[in-house]
**Student:** 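The following block contains the structure, expressed as structure tokens.
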Amino acid sequence: MGLRLHNTFSNKIEDFKPLGEVVRIYSCGLTVQSAPHIGHMRAYMVRDVLVRWLVHSGYKVKTLENFTDIDDKIIEKQKEQKRDWRIIADENIAKYLDACDKLNIKRADFYPRATQHIEEIIELVNKLIEKGFAYEKGGDVYFKVRQFPDYGKLSKKNIDDLVSGARCVPTEHKEDPLDFALWKAAKPGEPYWISPWGKGRPGWHIECSAMSMHHLGETFDIHTGGEDLIFPHHENEIAQSECATGKKFARYWLHNGWVTLGGEKMAKSTGHYFLIEDVLKDYRPNVIRLYLLKTQYRHQIEFSRERLNEAKAAYLRIQTYIHGFENLPETTEPLKLKEFTEAMDDDLNTPKALGIIFDLIKQGYEKPSLDIATSIKYYLKIMGFIEEVPEQPLADIVEILHEVKVKLKEKKSTLLDTATLGFWNLLEDIKTSEEFFPNLIYVLLQIRNQLRKDKDYELADFIRKRLAQKGIQIFDKGDVSTFRVEAK
RNA sequence: GGCGGUAUAGCCAAGUAGCUAAGGCGGCGGUCUGCAAAAUCGCUAUUCGCCGGUGCAAAUCCGGCUGCCGCCUCCA
């Protein structure tokens, strides 16, 4: 069957056929005026799943994601914060990449910045002027929208409706209010680059065309981005690129839905958002990933603690099952592969794919099987979940052991007799060594189980309570106890 | 006003003509258990926003209506 993707351009789900041997993908990156929020991360999470699935399907992939490191907003921030725009950009790029790494979002192959491609941008603008698609006025350069007959095709907009909507402010230099800036003259005090039209900086849309052409060629396979970019940004990208080259720009346009807050889109401008760095403080990456993949990428997702907690509970179900199978081998023939493949091939239907994982878990409990566990691991890996090793706080266990020792002394317990004395003495030397953990916690659990056998429930419950306070939950199953380190 | 999306259980969310409408969360009941927790098992939409139509057959197609969201200005 093969991968099918929803193409905004045709508004249909189409068979995906790459142009060449390598699938070339361009993702509209951030304008790095501020730190990324959870909504931003969704876009790159979607790209991540797409890339992982393509690679899994046997494709070679080349990805490019830009950073808009100069624009009006960043210049504003510079004035506000009285800090150089480069520092602001660097800081936010670092935060973004850090969040990607934590969320296990595969990095793009290239992260070009607008300011690193001024030369290509100028060249492209020149080409557009030469071909009669652009004009210079007062140091600004504008694109003549009406020169491009296909304008509006991606966003399904009628040029004349846009004019009557008349929100596009006619600036003094524009010949037509629809025209958009390719190059902006610098005002006094603003950062600038030298161009044939004087000191200035690139307009927002042109950088994506220049950079994608430079790294991916004039025509490439997939262009991704948030829904909001369809108009005018992607429409403008198409116009200026196709006018310059006379060739098709991007072949498949993938747009992801919003992350909303109280039913409304997250927006930097209103302070109506949650920064990813803050969300990561409360929820671990796998939970955030599950939360985002629980909904098909084109639909909007509501952001709330309730939703995140729900994802956490669901994730725990997966984790609890997998934890029953330590050191799982890799498999090459997972169960339900056909169903899983069909789901992912169907415009990345991750909710359905996750449903298959939960079906497997249910089956696995009915009839335990290593195949089921290895299959689940296989699918989780494809979807970009991280194999987790919970952190185990050694110092906390040692502290509790000391408390227990004191109580045992008071009780003159046989658990302190000569046979175990060596251990208790050894305990005095343990400070931070990791070697004894997680074995140390099993020692504690064994002591507790002996106490339970001796019907000393008071001390047994004390241990349980103290561990719980340290974020370690214990579960008794007959005379065997297991534990779970409470995770985000 | 133009364009696009969406409406499925208490909540989230798959499903776009045909077996009993996936799955998750929550809730209820059982098993296990010193207690607790965890785990597990069972139950939890005779029905898919509303009205009408086409089909042997519709959540799924067509027409109309309503609600919600977004874009039309910077925005993932």
**Student:** I'd like to check, for A:Y457, whether its ring lies over the base of B:rG34 with centroids under 5.5 Å apart and a plane angle smaller than 30°.
**Tutor:**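 Here the ring of A:Y457 and the base of B:rG34 are stacked, with centres under 5.5 Å and planes under 30°.
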**Student:** For A:S27, which contact category applies under a 4.0 Å heavy-atom criterion: base, sugar-phosphate, or nothing?
**Tutor:**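 Result for A:S27 = nothing.
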**Student:** Just checking A:K157: base, sugar-phosphate only, or nothing, at a heavy-atom cut-off of under 4.0 Å?
**Tutor:**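 The residue A:K157 makes base contact.
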**Student:** Going by an N to O cut-off under 4.0 Å, is there a salt bridge joining A:R146 and A:D160?
**Tutor:**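 Salt bridge flag = yes for A:D160 with A:R146.
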**Student:** Does A:E175 come within less than 4.0 Å of A:K137, counting only side-chain N to carboxylate O?
**Tutor:**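 A salt bridge is absent here (no side-chain N lies under 4.0 Å from a carboxylate O).
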**Student:** Any chance you could list the contact pattern along nucleotides 7-21 of chain B? Use B for base contacts, S for sugar-phosphate-only contacts and - for none, protein heavy atoms under 4.0 Å, 5' to 3'.
**Tutor:** ----SBSSS------
**Student:** Output the rounded distance in Å from CD (A:E342) to C1' (B:rA22).
**Tutor:**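 Atom CD in A:E342 sits about 14 Å away from atom C1' in B:rA22.
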**Student:** Syn or anti for B:rG52? Use the chi torsion, O4'-C1'-N9-C4 for purines and O4'-C1'-N1-C2 for pyrimidines, with syn inside 90° of 0.
**Tutor:**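 Anti, since the glycosidic angle lies more than 90° from 0.
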**Student:** Within 45° of the ring axis of A:F462 and under 6.0 Å from its six-membered ring centre, is that where the NZ or CZ of A:K407 lies?
**Tutor:**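 Yes.
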**Student:** Are the side chains of A:I441 and A:F483 in touch, meaning some heavy atoms are under 4.5 Å apart?
**Tutor:**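 With C-beta onward as the side chain, the pair touches.
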**Student:** Using a heavy-atom cut-off of under 4.0 Å over every strand shown, decide if A:D228 touches base, sugar-phosphate, or nothing.
**Tutor:**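 Base contact.
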**Student:** Do any N or O atoms from the side chain of A:E190 and from the backbone of A:K187 form a donor-acceptor pair under 3.5 angstrom?
**Tutor:**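 Present.
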**Student:** State which of B:rA39, B:rG34, B:rA76 makes the closest approach to the side chain of A:T31.
**Tutor:**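 The listed nucleotide nearest to A:T31's side chain is B:rA76.
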